[in-house]
Amino acid sequence: MTDDLVAPALTAELDLHTFQPREVADLVEEYVIAAHAAGFTVVRIVHGKGVGTLRRIVHGVLEKHALVSGYRSDDGNWGATVVALTRDR
């Protein structure tokens, strides 16, 4: 009997609450690539409010990412960031 792992379905929201800061940059990078490949044009990344460590990491990745056309706080909510992805494939 083999244990076949099933990857969770990709959604338009990534919640980072269960991840360590050292994991977040790579995770956000991979998520943006996967979300773009899946055809998403807008995604939401939940990083929490806290002291802003995860938010700074997320924004640092998004700032340099070629597939990101822009990002903003989720309707004034400092705990999440809405990301616009490029439409280029």
Side-chain angles (χ1 to χ4, degrees):
M1 178 196 253
T2 57
D3 291 325
D4 292 321
L5 297 178
V6 177
L10 184 68
T11 67
E13 181 173 282
L14 174 63
D15 188 340
L16 299 174
H17 280 102
T18 60
F19 296 94
Q20 296 295 317
R22 68 180 175 274
E23 302 170 311
V24 169
D26 289 340
L27 181 62
V28 170
E29 170 78 23
E30 292 173 18
Y31 175 74
V32 167
I33 292 168
H36 182 268
F40 290 104
T41 57
V42 177
V43 295
R44 183 174 185 257
I45 300 176
V46 179
H47 40 68
K49 294 180 182 178
V51 296
T53 302
L54 294 183
R55 183 182 70 244
R56 286 190 295 275
I57 294 169
V58 168
H59 288 187
V61 171
L62 299 176
E63 189 71 33
K64 299 181 276 186
H65 206 296
L67 298 176
V68 174
S69 61
Y71 63 91
R72 63 174 172 76
S73 292
D74 184 11
D75 295 327
N77 178 357
W78 287 94
T81 298
V82 175
V83 183
L85 303 176
T86 62
R87 296 182 186 270
D88 301 335
R89 287 219 171 205

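- Considering only residues two or more places apart in sequence or on other chains, Tyr31 meets the ring-ring contact (aromatic ring centres under 6.0 Å, His included) condition with none of them.
- In this structure the side chain of Val42 reaches within 4.5 angstrom of the side chain of Val82, judged on heavy atoms.
- By the 4.5 Å heavy-atom criterion applied to side chains, Val46 and Leu14 are not counted as neighbours.
- Under the 4.5 Å side-chain criterion, counting only non-hydrogen atoms from C-beta, Leu54 is not in contact with Phe19.
- At least one side-chain heavy atom of Thr41 sits less than 4.5 Å from a side-chain heavy atom of Arg87.
- A donor-acceptor pair under 3.5 Å links the side-chain atoms of His36 to the main chain of Thr86, judged by distance alone.
- Put simply, the side chain of Asp74 does not reach to within 4.5 Å of the side chain of Thr81, judged on heavy atoms.
- Under the rule for a salt bridge (Lys or Arg N to Asp or Glu O under 4.0 Å), Arg56 has no partner lying at least two apart in sequence or in another chain.
- Here the side chains of Val43 and Leu85 are in contact, with some heavy-atom distance below 4.5 Å.
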Residues 20-28 side chain polar contacts: donor-acceptor under 3.5 Å, at least two apart:
unit_1, atom_1, unit_2, atom_2, d
Glu23, OE1, Gln20, N, 2.7

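- Using cut-offs of 30° and 60° on the angle between ring planes, the pair Tyr71 and His59 is tilted.
- Residues Ile33 and His65 are in side-chain contact: their nearest non-hydrogen atoms beyond the backbone lie under 4.5 Å apart.
- Rounding to the nearest 0.5 Å gives a distance of 6.5 Å between CZ of Arg55 and NE2 of His47.
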